[in-house]
Amino acid sequence: MSSDYEKTHATQAEVVKSKKRGHCAKFWWAYLIAIIVIAVIVVPVILLVAVPKIAQSKLDDAELTLDGVVITNSQTNSLSMSINSTIRSDGKVHAKIDPFVGEMYLEDLLPHTPFAALNFPATTSDKLQIVNVSQTLQITDLKALTTFNTWLLTNETLRITIRGETHVRVKGISRAYPVTFKKTLTTNGLHGFEGTTVTNTNVTLQPDAQGNNFKGTAMIPNKSVFTLDIGNATFYNYLLGKEVGTVYIDNILLNPGENTFPMRATVDNGAVLTALGSKPYCDEKKGVLPLVLRGKTVENFGQPIPYFADALGSHNQTVDVDIGTPVARLLGGNPVPCSPTGGGAH
Ligand SMILES: *[C@@H]1O[C@H](CO)[C@@H](O)[C@H](O)[C@H]1NC(C)=O
Ligand SMILES: *[C@@H]1O[C@H](CO)[C@@H](O)[C@H](O)[C@H]1NC(C)=O
Ligand SMILES: *[C@@H]1O[C@H](CO)[C@@H](O)[C@H](O)[C@H]1NC(C)=O
Ligand SMILES: *[C@@H]1O[C@H](CO)[C@@H](O)[C@H](O)[C@H]1NC(C)=O
Ligand SMILES: *[C@@H]1O[C@H](CO)[C@@H](O)[C@H](O)[C@H]1NC(C)=O
Ligand SMILES: *[C@@H]1O[C@H](CO)[C@@H](O)[C@H](O)[C@H]1NC(C)=O
Ligand SMILES: CC(=O)N[C@H]1CO[C@H](CO)[C@@H](O)[C@@H]1O
């Protein structure tokens with residue numbers, strides 16, 4: 001009885017054991033497939049699809065800001081461009097981004113046409129990355145650069161995109177994954193030099209040795225983070241819809257903030273006197289005339305700079321200038337009276 005019992009038990013145990021062995025033996029291929037699936041499909045999917053996707057999306061989430069851009073050494077066919085920028089990310093993925101060529105274009109102008117290509121250095125995915133780039137750019141697309149400068153000088157804000165193909169290297173994985181670095185940022189433009197003032201005005205009856213009969217101090221505000229080495233600029237000068245002369249400002253280097261330059265001009269004294277004697281300038285406006293300036297030429301150490309000249313030439317900027325006071329000084333302290341026929345000078 002007892003032996004029967006043991007036998008039965010032994011048999012049961014053996015059955016269980018052999019069942020287990022049978023399961024392993026029968027389904028070994030299933031384990032193999034599982035291992036193969038993990039090795040052949042899951043790992044590569046993670047490595048080839050998931051990691052690059054995460055890397056790309058982390059890169060897309062990172063934010064780029066321009067802290068400063070300096071354009072110097074402006075020449076007809078080249079210029080120097082330096083950029084101080086910051087990339088901010090959540091810093092959760094440890095990765096290195098290879099150096100790349102970043103093409104810059106205006107986001108809101110189609111077709112997207114690069115005006116510059118900058119060599120960006122290798123960066124990491126740290127929370128805060130300071131990226132400074134400095135290089136000489138050969139001007140390959142004058143039209144695109146001129147358009148960019150036009151927008152920079154005239155618009156209140158503009159959107160710039162920096163785009164480049166690069167690779168990301170994730171810590172612990174030897175592969176480098178191709179990713180696209182593409183950042184669009186909004187930056188302040190110079191808004192047509194709005195807020196420019198001309199003070200310390202002086203007028204002479206006879207032109208000086210340079211042919212100028214008007215002098216003043218121009219204050220040009222720069223609301224952008226761009227520093228622009230423009231050079232010697234001349235401007236068309238319009239008064240009440242008519243061209244009345246040329247304005248000269250030398251060595252224009254526009255820093256962010258307020259910039260002050262001496263200015264001189266050759267103006268048609270007759271047209272100025274007529275305007276001063278007309279309403280509302282002879283009474284209400286007290287001799288303050290709306291001078292309109294538009295870029296004419298730009299030269300930097302003898303080289304014409306079309307990408308600034310044409311940008312400055314695209315826009316009329318009105319500046320209210322007190323010409324009544326210096327003219328009154330010439331007239332023994334008496335302001336120009338309203339002429340009997342005055343008032344129709346608009
Ligand atoms: C970048 O920062 C350095 C140090 O503050 C400064 O000297 C340089 O002019 C800056 N360059 C630009 C392009 O803003
Ligand atoms: C990079 O620019 C930042 C300002 O944005 C400045 O503090 C830093 O000194 C600059 N570094 C170099 C190497 O120019
Ligand atoms: C910027 O200014 C240009 C003309 O100077 C204009 O055509 C363009 O629409 C402006 N863009 C934006 C985004 O304001
Ligand atoms: C205006 O210019 C004349 C001639 O150059 C000069 O004599 C005079 O002092 C100037 N006046 C002022 C207020 O600058
Ligand atoms: C600037 O103003 C002048 C005079 O009123 C006008 O002839 C010219 O067409 C204007 N130019 C632009 C670009 O607005
Ligand atoms: C501007 O013109 C003056 C006088 O002709 C010259 O001495 C100076 O070098 C010029 N400046 C530039 C930046 O070209
Ligand atoms: C007068 C003026 O426009 N000032 C601005 C110049 O630009 C800086 C930044 O670059 C602004 O902070 C100023 O308000």
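Counting convention: from 1, in listed order, for ligands and their atoms alike.
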Output the list of atoms in ligand 1 that are nearer than 4.0 Å to some heavy atom of [X], sorted by atom number.
X     : value
Ser82 : 13 (C)
Gly68 : 13 (C), 14 (O)
Val70 : 12 (C), 13 (C)

Should the pair Lys215-Asp208 be classified as a salt bridge under the 4.0 Å nitrogen-to-oxygen rule? yes
Does a side-chain N-to-carboxylate-O contact under 4.0 Å join Asp250 and Arg264?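 Judged by the 4.0 Å cut-off on N to carboxylate O distance, Asp250 and Arg264 do form a salt bridge.
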Does one side chain, of [X] or [Y], offer a donor that lies under 3.5 Å from an acceptor on the other?
X      : Y      : result
Ser78  : Gln138 : no
Tyr238 : Arg294 : yes
Asp67  : Thr86  : yes
Thr199 : Thr217 : no

State the atoms of ligand 6, each with its element, that fall below the 4.0 Å cut-off from a heavy-atom position in Asn251. 10 (C), 11 (N), 12 (C), 13 (C)
Contact atoms of ligand 6, heavy-atom distance to Asn300 under 4.0 Å: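 Atoms satisfying the 4.0 Å criterion: 13 (C), 14 (O).
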With Phe148, which of Phe115, Tyr105, Phe308 fulfils ring pair (Phe, Tyr, Trp, His ring centres under 6.0 Å)? Phe115
Between Phe301 and ligand 6, does any nitrogen or oxygen pair lie at a separation below 3.5 Å? yes
Student check: side-chain heavy atoms of Tyr307 and Ile71 closer than 4.5 Å: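 Not in contact.
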Under a 3.5 Å distance rule, please check whether Ser89 uses its side chain to pair with a backbone N or O of Asp126 as donor and acceptor.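 Here the side-chain-to-backbone pair exists.
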Every pair of nitrogen or oxygen atoms between ligand 3 and the protein that is under 3.5 angstrom apart - can you list them with their distances to 0.1 Å?
unit_1, atom_1, unit_2, atom_2, d
ligand 3, 2 (O), Asn155, OD1, 2.3
ligand 3, 2 (O), Asn155, ND2, 2.8
ligand 3, 5 (O), Thr154, OG1, 3.1
ligand 3, 11 (N), Asn155, ND2, 2.8
ligand 3, 14 (O), Asn155, ND2, 3.1

